[in-house]
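Below is one structure, written out as C-alpha cells, with a few remarks after it.
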Amino acid sequence: MRKLNIVIAVLIISPSLFLASCKKESGCTDPSAVNFDPEAEEDCCCVYSSDFETPRFNATINFEHLVNGATVDLTASGHPYQNALGQDFNIEELRYLISDITFHQANGENFTINDYHFVDLSKPSTFIYTPSIKVPAGNYTSVSFTFGFDEEDNKPGAYQDLNALNWNWSMMGMDLGYHYMQINGTYDSSGVTKGFMTHMGPAMKMDGNHHIVVNNDFEAVLENADITVNSNFTFSIVMDVEEWYTDPYDWDFNKYNMNVMMDYDAQRLLNVNGLSVFRYKK
Amino acid sequence: MYLNVCMRYLFFLLLFPCMIISCQKDLEEDDPLVKENQAHKPTPYEIKYPLHFYSSIPIPIEPAENPTTVEGVALGRELFFEELLSADNSMSCASCHKPQHAFNDKGAALSLGINGDQGVRNAMPLFNLDFANRFNWHGSAKSIEEQAFGPVTNPVELVNTWDQVVRDLQADPEYPSLFKKAFGTEVIDSVLVVKALAQFERTLISGNSRFDNYTLAKRGLPTNGPSSLTAAEKRGLDLFMTENKGDCFHCHGNPRNPAWTDYAFRNNGLDAVPDSGLASVNGKPSDYGKFKTPSIRNLVFTAPYMHDGRFATLGEVIDFYTDNVQMSSPNIDPVMLKVRDLTASEKEDLIAFLKTLTDSSFVTNPAFQDPD
C-alpha cells in the first residue's frame with residue numbers, strides 16, 4: 001500500500017518538476033477556452049465552457065429606420081415625409097437608446113441581455129449591435145426590449161458614454177436619468193418652416209406642490225420572431241418612424257414641436273404610440 | 001465525456017507550476033540590447049484628470065503611436081513656446097495660444113500671423129483636448145498631432161516650411177539631446193515635432209473651477225477650493241438646464257459631462273449666409289455652416305466668442321441667442337428654431353453661472369508657462 005502511494009506521488013510530482021524547468025510555457029492557447037492563458041506558448045489542456053453547459057451563441061442585431069417605407073435620409077432637402085395629419089416634415093437627427101433585449105421561449109422562460117445600445121442615424125456603425133453577452137441555444141418565439149432604460153437602469157449619470165453625448169435628462173433641478181430618443185427636424189406649418197424636437201424620456205408634472213414622475217420607458221415586443229439559436233445568428237429591428245406620430249394618437253406638430261421634454265402629456269403620448277414603432281425582420 | 005473533462009483538468013493542474021515559473025525573465029535581464037534600450041526609455045507621463053472626470057465621461061486613451069512621456073511633454077512645452085517654428089523667428093504657438101488666456105489669443109477676434117495678415121478664425125482655447133476627435137473650428141484635423149502640423153506652414157500664421165524648422169532645431173545646441181531623451185533619436189523630423197507638441201497639449205487639463213469643486217463636494221469627493229454657488233449662480237444653472245428657457249444643455253452639456261460640450265458640429269444660426277465650416281472639410285452640403293460646439297469652460301479668459309470672434313462679451317452672446325438667430329440659415333440646428341425668452345435679470349443669472357466654470361489655477365499653472 002505504501003509503495004503504491006509513493007508511485008502515485010512520483011507520478012504526480014515528476015511531470016511538474018520536469019515541466020518547471022522548461023523554456024517554453026505550456027498552457028491553453030485558445031482564446032475561446034475558459035482557461036486561456038495569454039502567456040502560454042505550447043498548447044495543451046484547453047477547457048471549454050461548452051463542456052459544462054448549454055452552448056451559447058452571438059447575436060448580431062441590425063437596425064433599420066424607415067418613414068412610410070423609405071429609408072430615413074437625414075440630408076434630404078425640403079420636407080419629404082408626412083405624418084398622419086398630412087403635415088410635411090424632415091428628419092435631421094435621430095438618436096435613441098434601447099436596453100435589456102430579451103429572448104422569450106414558448107414555455108415562458110426567457111433570457112435577457114443586460115446591456116444597452118445607442119443608435120445614432122448619422123453614424124452607420126451604430127446600426128449593428130453585437131452584444132458581448134451570448135444567447136443560450138434554444139427555440140425562441142419572440143424578442144422584446146426596453147425602449148430607453150427601465151427604472152432600475154435609469155440611474156442619473158451612471159453611463160459615461162451617454163454623459164459625453166449630453167444624453168442626460170433633468171428637469172427643474174431634478175436628475176431623472178437619460179433621454180430615450182431625440183428626433184430633430186423641421187416641418188411645414190402652412191408654408192412656414194418651423195423646428196421640432198421630439199425628445200422622449202421620463203415624464204414629470206406638478207400636482208399641487210408634488211412632483212409626479214413617470215419613468216416612461218416601455219417594452220417593445222417584436223411579434224413573430226421565431227428564432228432557433230443553434231449557431232451565431234442575426235436579425236433586424238425595424239423602426240417605422242411615422243408610427244411615433246400615429247396609432248393611436250395623431251401627433252400634431254403645431255401642438256407638439258419644441259419643449260416637448262417638459263410636456264407630461266406629450267411624453268405619455270409618445271409612450272403609447274411607441275408600442276407599434278418596432279418590428280422584427282429576419 | 002466526463003472522464004475526458006477530468007483528464008483535461010488533471011493535466012491542467014499538473015501543468016500549473018510551469019505557468020507560474022517564467023522562463024523569460026532571465027533571458028531579458030542578460031540581454032545587453034534590452035539593457036541599452038531601457039536606458040533610453042523615456043518615463044511614462046500619467047495624465048491625471050480631476051477625480052469627478054473619471055466617474056463622468058470616458059477617459060481618453062492616448063494613441064499607441066504617441067504615448068505621453070515626461071521627456072516628450074517637456075520637449076513639447078519647449079517647442080510650444082519656440083519662435084524658431086516661424087519663418088522669421090518672431091512667433092510661436094504661444095503667440096496666439098497664450099497660457100494666461102486659457103491658450104486663446106488675448107482678446108483678438110482674428111489673430112495676426114508673422115506678416116501681419118489676419119487669419120479667418122478665432123484662435124481656439126486649448127484645454128481638455130483629448131476628449132474631442134476633431135480639431136479646429138471646422139474640424140479639419142482628426143488628431144492633436146495632425147492639427148499641430150497646420151499653423152507652422154499656414155501662409156497667414158507662421159509661414160514657415162518644415163524643412164526649415166527641422167534644420168533650425170537640428171542646429172540648435174539643445175534640441176537634439178531633448179529629442180534623444182524623448183524619442184531615442186537626435187534626428188529631428190516634423191512628425192516628432194508634432195508628437196511632442198501633442199504630448200504637451202494633452203497635459204493641458206482644466207477641471208478646477210468653482211463649479212468643479214461644487215460637483216466634487218456634491219459627490220462626497222475631496223475638493224480643491226471653494227465649492228459653493230450663490231443663489232444667482234444656481235438660478236443660472238437652472239435656466240441653462242431648462243428646455244423652455246436657456247435650453248443650453250442639449251449642446252453644451254450638463255453637470256454630468258465635465259467636458260461641457262459634446263463636440264458635435266452645428267450651425268447655430270449666426271448668419272443667413274454662413275461660412276462653409278465643416279462642409280469645407282468633407283464637401284457635404286448638409287454640413288455647410290456647421291462648426292464645432294465649444295466647451296463653455298473658462299469663458300472669462302477666452303473672449304471674444306464664436307468661430308470668428310464676433311461677440312466681445314457673454315452678454316452679446318446671450319443677446320444673440322435670444323434676439324438675433326438667423327432662422328433661415330441653411331442647416332441651422334433645430335434647437336435654434338425657437339424663441340428663447342430670458343429677462344434681463346435671467347441673463348445676468350445665466351452669465352453668473354457660466355463664470356463659475358472659470359479655472360484660475362489652469363491659467364496660472366507653472367507647468368504650462370514659457371519654460372525659458
Side-chain angles (χ1 to χ4, degrees), chain A residues 12-13 15-28 35 37 39-42 44-48 51-52 74-77 92-93 122 156-158 160-173 175 182 184-186 193-197 199 257-262, chain B residues 1 4-5 7-24 27 54-59 131 219 234 237-238 241-244 247 249-264 284-287 293 327-328 331-339:
Chain A
I12 290 174
I13 293 164
S16 307
L17 290 173
F18 169 69
L19 289 164
S21 63
C22 72
K23 285 289 171 197
K24 279 188 175 180
E25 284 187 37
S26 290
C28 176
N35 63 334
D37 176 6
E39 308 273 306
E41 293 164 322
E42 271 181 354
C44 81
C45 54
C46 288
V47 179
Y48 296 88
D51 293 341
F52 308 107
L74 300 179
T75 63
S77 59
E92 296 175 23
E93 198 170 9
S122 72
Q160 297 175 7
D161 55 334
L162 302 179
N163 298 343
L165 295 167
N166 299 341
W167 196 245
N168 312 74
W169 182 283
S170 73
M171 237 179 274
M172 300 168 81
D175 256 345
Q182 296 181 342
N184 295 342
T186 62
T193 292
K194 291 189 173 174
F196 72 86
M197 295 168 71
H199 290 200
N257 40 66
M258 310 303 273
N259 306 334
V260 165
M261 287 174 74
M262 310 182 69
Chain B
M1 184 63 184
N4 195 6
V5 172
M7 290 298 282
R8 281 178 182 177
Y9 261 124
L10 190 60
F11 273 114
F12 183 62
L13 288 174
L14 291 174
L15 288 168
F16 206 67
C18 177
M19 292 176 178
I20 296 169
I21 300 165
S22 168
C23 310
Q24 241 174 332
L27 276 177
Y54 290 93
S55 52
S56 299
I57 50 177
I59 295 302
F131 293 100
R219 297 186 192 174
K234 283 182 183 167
L237 172 62
D238 282 345
M241 294 298 299
T242 301
E243 198 184 27
N244 66 0
D247 193 355
F249 63 96
H250 276 119
C251 306
H252 290 293
N254 63 76
R256 300 284 183 185
N257 179 3
W260 289 100
T261 174
D262 60 1
Y263 293 109
K284 287 184 185 170
S286 57
D287 284 333
T293 307
M327 302 220 180
S328 65
N331 302 316
I332 187 169
D333 197 282
V335 78
M336 305 309 306
L337 297 176
K338 65 175 180 181
V339 178

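Being a predicted model, the structure only gives us computed values, none of them experimental. Residue numbers begin at 1 in each chain, while the letters A, B, ... track the order of the sequences.
- The structure places CZ of F249(B) at 4.0 Å from CE of M261(A), a figure rounded to the nearest 0.5 Å.
- Heavy-atom distances place no part of F131(B) under 4.5 Å from chain A, backbone and side chain included.
- Residue pairs that meet the salt bridge (Lys or Arg N to Asp or Glu O under 4.0 Å) test with at least one member in residues 249-261 of chain B, sequence neighbours left out, are D175(A)-R256(B).
- Ranked by heavy-atom pairs under 4.5 Å with chain B, the first of L74(A), T75(A), N168(A) is N168(A).
- You'll find the side chain of D262(B) reaches within 4.5 Å of the side chain of T293(B), heavy atoms only.
- Comparing N244(B), D238(B), N331(B) by how many heavy-atom pairs each has under 4.5 Å with chain A, the most go to N244(B).
- Between E92(A) and S122(A) the shortest side-chain heavy-atom distance does not fall below 4.5 Å.
- Using a 4.5 Å cut-off between heavy atoms, T186(A) contacts chain B through its side chain alone, with no backbone atom that close.
- With chain A as partner, the option from S328(B), P255(B), G253(B) having the largest number of non-hydrogen pairs under 4.5 angstrom is G253(B).
- Across G185(A), G173(A), S77(A), A158(A), the residue that shares the most heavy-atom pairs under 4.5 angstrom with chain B is G185(A).
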Worked verdict on E243(B) versus M258(A) for side chain to side chain contact (heavy atoms under 4.5 Å, CB included) = CA-CA 8 Å; E243(B) 198 184 27; M258(A) 310 303 273; over 6 Å; no

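- Of the two parts of M171(A), neither the backbone nor the side chain holds a non-hydrogen atom closer than 4.5 Å to a non-hydrogen atom of chain B.
- Between C46(A) and N35(A), the closest side-chain pair of non-hydrogen atoms falls below 4.5 Å.
- Side-chain contact between V335(B) and D247(B) is present, with heavy atoms from C-beta onward closer than 4.5 Å.
- The contact between H252(B) and chain A is made entirely by backbone atoms, counting heavy-atom distances below 4.5 Å.
- For T261(B), the part sitting under 4.5 Å from any heavy atom of chain A is the backbone (N, CA, C, O) and nothing else.
- Only the backbone of I332(B) comes within less than 4.5 Å of a heavy atom of chain A; no side-chain atom from C-beta onward does.
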